[in-house]
Each structure stands twice: as C-alpha cells, then as structure tokens.
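Just so we're on the same page: letters track the sequence lines, and every chain starts at 1.
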Number of protein chains: 2
Amino acid sequence: MAIFSKTCEYAIRAVFYIAQKSASGMKSGIKDIAAEIDSPELYLAKILQDLSRKGLITSTKGPNGGFFLTSEMLELPLIEVVKAVDGDALFTGCGLGLKQCSELHPCPLHNEFKAIRNDITLMLSNVSIGGFNQELAEGLVSLKKSKTD
Amino acid sequence: MAIFSKTCEYAIRAVFYIAQKSASGMKSGIKDIAAEIDSPELYLAKILQDLSRKGLITSTKGPNGGFFLTSEMLELPLIEVVKAVDGDALFTGCGLGLKQCSELHPCPLHNEFKAIRNDITLMLSNVSIGGFNQELAEGLVSLKKSKTD
DNA sequence: ATAATAAAAGATATTTTTATCTTTTATAAG
DNA sequence: CTTATAAAAGATAAAAATATCTTTTATTAT
Ligand code: FES
Ligand code: FES
C-alpha cells in the first residue's frame, strides 16, 4: 500500500503539470496531460472533472480549450487536492482503523500516529500546487511514471 | 485512504490482541480474536494463516489450540507485520507513484516524502508487537473498532 | 480407536477501485 | 450558421481488495 490512492497520485501529478503550464499562461489538453504524467487518459479525465467541479482547477471547452489554474489556484496548498480525492482519513482517522480516533479511547499507537499525521498534514499544507513550477521547468524533478534511464 | 489497508489494520489489531494473551501464556481462538477486535472472522482467519506461514505468529490445532506468540515473536518490531501484509511500498515507494523513488530522477515531493517515510519506518521499527501488553491489560488502550461510549 | 475441537486450505462471492467506451454540451474559428 | 475542437457526463467493464463458504487436516481428550 502506498500512502495515496492511485487516483490521488494521478491527480497530484496532473495538477503539478497543469500548474507549470498555467504559470506561462498555457492551457493543457487532457491528451497532453495524460501523456506527460503517464496516466490512463480517460480515467484522468474523470479525475480532473471531479477536481474541476470542486473548484481546484478550471477548464474551457472547444478549440484552444483545456485545463488551467488561476493564480489563486496556484497558491492553494496541495493538501486540498489530497482531501478532495482521498478524503481526510489520512489526516484525522485512526491508524488502526478504529471508528474514530479518540484521546479518551485511543488505540495503542494513537500518540505515534498523531505525530505522523501531523507531519503529513503540515508538509502538504506547506507546499502549494504551483510551488514546483520552477523545478519542473528546469527539468530537475519528474512527473513521468516510467523511467527513461 | 487510510495509511494501512483494512487487511493490515485487522492484522495489527489481531497481533496486539494475541500478544497480550500470549504474555499470560494463553492461546487465542479465531472466534475470540475476531470478536475482540471487531473483524470479520473468516477473513481474519485468512490473514492469520498468512502471518503464520510467514512465521510472525504461530498456532496449534485441535482442542486447547489457537494462535499465540513465542517470546521471540513478542519482541519483533511491528513493521514486520506491516511489511508482511502491505508490502514495503510505504517505506520505499515514491509518494507520487513513480515507478521507483530515485535521487537522480526524483518527483517534486521526493525530499518531503523521504522525511515522512523515514518517520513512519522509525516509528514502526521502535514499537514491538508485545510492547502494549501492559496498557492493553490495564484497559488504557482499545482494539475494538466500534466505540462503546 | 473415536469424537470433538480448532486451524489450514481451497473455492466462491461481494464490494471497491481503477479504467474504458460512448454520447452530449460548450466554445471558437472560418 | 456550420464545422472542428475539447471537456463533461453517463454507462459499462476490468481488476483488485475484502469477505464468506465449504472441505480438509491436525490435535486432544475420552
Ligand atoms: S485512536 Fe488510533 S490513532 Fe487515535
Ligand atoms: S521520487 Fe517520489 S518520493 Fe522519491
């Protein structure tokens, strides 16, 4: 098990890609995005539709259309994307699956999980959707699933 | 998405339960365990069979039989259970789902994920399967999914 | 030996997640 | 206003995770 669902991994890689394009005023078509982040095109379309409905990304139809981010959206913390896709179990739920995480009736690992959840929450709150545009543009980091080396 | 699969949550709760019983020399029947940790009995049986094959727990058949842990098993770090059930994607995989986590071709969140993965690994390596027996015996912590309050 | 007990194993079923296919709607350009 | 483009929406399909059912094997006590 990975930390995020596959759906969420695609979503994050996609918004990072769209963000970088948006920074230079470009819109991204679903075909292009899917190819650049190595994701199934039609499935990614569904994911982006969902993010669009939730207001985390936006799009226009028709020629010269595509997905893009407003400058406000570029400033949103990445945790918004994760919450939109995977919900907030990762941030508030009990690590051992108890119905609710509770100080009164904690699981054995409650304190340990609390610390880790806190770290994850902080990290995802402190990086913004557009925060990696520079590194992406410079090719210092990658969004492609399959390695080329 | 939670941090562990449901299967893994059941596995951890079960080994904690068996551990506490084992500490006082008792074996635990699958029926008893399932009831005490609120898990589907027959599914949990499969999970425990798997842990048994992998040598993390042991059992005897027949009357007075059941699952139990040797003193060596009680000392094993909990991470062994997680690895046996969920694999090690959580500890070594790329958080954004790239084929492999790599320093040379990192994803944008590589450093951030590395720190968090490290925290999780450390935490699960530093708690032992039998490490909560006292707190469990005293009723300070709970393994029951559904709250009674 | 026989019967009762309890886990192991194998087969099947259900649910959720992931992925694809098809049709519709909105937009822009000619 | 017609055509091309591209996302939105709805329906379906495939795969994986979760859960259950049935039969078998090992052990213990009588
Ligand atoms: S009760 Fe389990 S993490 Fe809080
Ligand atoms: S490359 Fe993504 S976590 Fe290392």
d([atom1], [X]; [atom2], [N]) in whole Å:
X       : N      : atom1 : atom2 : answer
A:Phe4  : C:dT17 : CZ    : P     : 17 Å
B:Leu51 : C:dA8  : CG    : C1'   : 14 Å
A:Ile30 : D:dA9  : CD1   : P     : 14 Å
B:Tyr43 : D:dA17 : OH    : P     : 9 Å
B:Lys31 : C:dT5  : NZ    : P     : 11 Å
B:Leu48 : C:dA8  : CG    : P     : 8 Å
B:Asp38 : D:dA19 : CG    : C1'   : 16 Å
A:Tyr10 : C:dT17 : OH    : P     : 15 Å

**Item:** Closest heavy-atom pair and its distance - B:Phe16, B:Ile129
**Value:**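 Closest heavy-atom pair between B:Phe16 and B:Ile129: CD2-O, 3.3 Å.
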
**Asked** At their closest point, which heavy atom of B:Ala11 faces which heavy atom of B:Val81, and how far apart are they?
**Response**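 Minimum heavy-atom contact is CB-CG1, 4.1 Å.
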
**No-H, no-angle donor-acceptor pair, B:Lys61 side chain to D:dT25 base, under 3.5 Å** =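 Indeed, a donor on one side and an acceptor on the other fall under 3.5 Å apart.
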
**Request:** Side chain of B:Pro40 only, please: which of D:dA8, D:dA19, C:dA7 is the nearest?
**Result:** D:dA19

**Asked** Among D:dA9, D:dA8, D:dT28, which is the nearest nucleotide to the side chain of A:Lys46?
**Response** D:dA9

**Asked** Toward the 5' end of DNA chain C, which comes first, A:Gly62 or B:Gln49, by nearest nucleotide?
**Response**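 Its nearest nucleotide being more 5', the pick is B:Gln49.
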
**Fill in**
Assert: residue with more 5' nearest nucleotide on DNA chain C, out of A:Leu42 and A:Asn64, is A:Leu42

Kindly say if [X] contacts the phosphate of [N], meaning a side-chain N or O under 4.0 Å from OP1 or OP2.
X       : N      : result
A:Lys6  : D:dA15 : no
A:Ser59 : D:dA6  : no
B:Thr7  : D:dA17 : no

**Prompt:** Judged by modelled atom types alone, do B:Glu103 and B:His110 share a side-chain donor-acceptor pair under 3.5 Å?
**Reply:**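 On atom types as modelled, these side chains qualify, holding a pair under 3.5 Å.
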
**Complete:** Per nearest nucleotide of DNA chain D, the residue lying toward the 5' end, A:Arg53 or A:Pro63, is A:Pro63

**Candidate pair B:Ile120 and B:Ile3, rule side chain to side chain contact (heavy atoms under 4.5 Å, CB included), full reasoning** = CA-CA 10 Å; B:Ile120 296 174; B:Ile3 192 151; 3.8 Å; yes

**Message:** Considering every strand and a 4.0 Å limit on heavy-atom distances, what is the contact class for A:Ser28: base, sugar-phosphate, or nothing?
**Reply:**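 Sugar-phosphate, backbone atoms only, no base.
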
**B:Gly25 backbone acceptor or donor facing B:Ser22 side chain under 3.5 Å** = no

